[in-house]
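Naming convention: chains lettered A, B, ... in sequence-line order (proteins, then strands); numbering from 1 in each chain.
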There are 2 protein chains.
Amino acid sequence: MLKNKDESRTPLSEFGEFGLIDHLTKHFEIKHETTVKGIGDDAAIVQEDRQLVVTTDLLVEGVHFDLSYMPLKHLGYKAVVVNLSDVYAMNAEAKQITVSIAVSNRFPVEALEELYAGIKTACDIYKVDLIGGDTTSSMTGLIISVTAIGSVAAEEVVLRSGAQANDLLVVTGDIGAAYMGLQVLEREKEVYKVNPNMQPDLEEYTYLLERQLKPEARKDIRELLKALEVKPTAMIDVSDGLSSEILHLCKQSQVGCNLYEVKLPLDPQFISVCEEFEVDSTTMALNGGEDYELLFTISTSDFDKIKGNPNLTVVGHMTPENEGVHLITRANTKIPIVARGWNAFNKEEDQE
Amino acid sequence: MLKNKDESRTPLSEFGEFGLIDHLTKHFEIKHETTVKGIGDDAAIVQEDRQLVVTTDLLVEGVHFDLSYMPLKHLGYKAVVVNLSDVYAMNAEAKQITVSIAVSNRFPVEALEELYAGIKTACDIYKVDLIGGDTTSSMTGLIISVTAIGSVAAEEVVLRSGAQANDLLVVTGDIGAAYMGLQVLEREKEVYKVNPNMQPDLEEYTYLLERQLKPEARKDIRELLKALEVKPTAMIDVSDGLSSEILHLCKQSQVGCNLYEVKLPLDPQFISVCEEFEVDSTTMALNGGEDYELLFTISTSDFDKIKGNPNLTVVGHMTPENEGVHLITRANTKIPIVARGWNAFNKEEDQE
């Protein structure tokens, strides 16, 4: 589909590097006063009184995304969102991004226009400025590198390392759905390979597919917590799977954790698809990844402030480090939590 | 050479993503007080009173480098240097970098250790902090994405857009050598393919090869100009070829330019290799690229301050925009300068 056989499509070489960047970014507007200079010089300029947070992610075709079911517009959107999620996990406000892409010549200009349409939508919705990037060719496939910059008052920063024993462990939204969305897409791809004329009916998977193809970062949580007058003691975003993120928090805060299976916030659609796929929903929720929810710890004294909020679920509590990191199952057995999150170097790794 | 057939080499999957980052970056030290938090959280934290400049570059195996003659340690060094060059071109001080890499499984851990050894050497020599990054797998080859951050007082920033008619055009160091170094390496690669036992004698090309394999960014120029009390009116780094950079300066400053062929600073080794390859040295100097020198304009009233400095060569002067952008040849003819710099989307493009 993306091969440039159609003569009406514009080959990338028509523009050259600088012409292409100009073409793709000409509709982007600068929204923040702190963005002094955007695209168009040797470097962008940012002026910020507060602390800056900086995070970067690399997305590789065939490793992180599959263009046979990922529309380019969604991919552009997602590439931005996954980086903003890291900014929000510092309790910071996302302000600027740079986007570099490497593409093979099989992509026509129109494909990159789609990608940048998604990037622009994310910039508009999350109110961030595109301030720079690089556009080059690749030998095979598409590679996207995004760096996101945010700002935060020094006293508001939340690290991974501040959790204390007895703190409550809280997760936003629900988890596992993005991973099961991916499983549905992979299954449909196999079906399509066998019978390309079959039109899949994916209506019952809408939520799962949206979580996989168009994830949102929790920009709202920073504001919600401010309104509730709660400052988390530690925070991380859920990108590699809940179990992996809990282990990061515990390691960096030098605490243990009890996570309660019964408390895991799971969407009904997620549960029913786990049944359909005959996989254990707890295992999928713990190890799935790509939820882009926030996981944080709060002092027990803040419990009343968050209690009953539909965005927030207390899923466990921290313990002294020597008590270890455990899942307390429905049957009240204690199972050690081990990292089985997604490992880009070992894709065939058993996820169960 | 890089295939992981040797059992004594460590496959990447042994570490996992987080273990690998920890392993590769454990010897890096934080040098700047403004780096509040480096690697190890969702994002790094930078606190800076001055303006920040941000620049990013993507290097792709087979497009930007060839591992058959580029040692990984040099590649790591160069990947950092090319980004710092953009920071210096803003008249800023480089402070922090993030480095993301995507590698296929053919690379053993030891190869990445080499790459990071080069990155560390550059960080130490240029005094920058490695504050983040991402490490993932690729379908083929190695991709390196570097984002560099620098700081500069608002009144010291130099953009591309400030040149005025009559300003003098100045270039640092000499130009063209990196490109001819690449030609020598490409020739030797062809020789090697025919006869792998032949040992090339590259002694007479030492300078050219160093310019290609281990370029340096002009960190010193900012300090030199400060000492000379000269503030350029516009500045850019020479990465895509002198002619391409002159056109950028002219376009963004809305001026024209007369560049004098006789003034071009060329190394004797560069001239003799151009003769050996039977190519025109002026053409190579104008269109070669990868020099990582700085090109800037100064007011004529500053001429006495820079006159005779061995680092700086006045190569031309700016004109009103309607006079165009020209090379004044030795024969005193006027030839329009057109962009023939390196275009990653059109590698087979004629470079002459």
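- Top candidate by heavy-atom pairs under 4.5 Å with chain A, chosen from B:Val54, B:Val60, B:Thr55, is B:Val54.
- Interface residue A:Ser100: backbone and side-chain heavy atoms are both found under 4.5 Å from chain B.
- Residues of residues 87-94 of chain B lying within less than 4.5 angstrom of chain A, judged on heavy atoms, are B:Ala89, B:Met90 in numerical order.
- Taking all atoms of both residues into account, the shortest heavy-atom contact from B:Arg50 to B:Ser151 is NH2-OG, 2.8 Å.
- With chain A as the partner, the residue from B:Ile131, B:Thr98, B:Leu59, B:Asp49 showing the most heavy-atom pairs under 4.5 Å is B:Thr98.
- Interface residue A:Ile45: backbone and side-chain heavy atoms are both found under 4.5 Å from chain B.
- Only the backbone of A:Glu48 comes within contact range of chain B, judged by heavy atoms closer than 4.5 Å.
- Residue A:Val152: no heavy atom, backbone or side chain, is found under 4.5 Å from chain B.
- In this structure, chain B has a heavy atom under 4.5 Å from the side chain of A:Ile149, while its backbone stays farther away.
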Quiz item: Between A:Gln47 and A:Thr34, does a side-chain hydrogen bond (donor to acceptor under 3.5 Å, both in side chains) hold up when you go through it step by step?
Solution: CA-CA 5 Å; A:Gln47 169 116 47; A:Thr34 57; over 6 Å; no
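- Both the backbone and the side chain of A:Gln51 have a heavy atom closer than 4.5 Å to some heavy atom of chain B.
- Heavy atoms closer than 4.5 Å to chain B are found in both the backbone and the side chain of A:Asp41.
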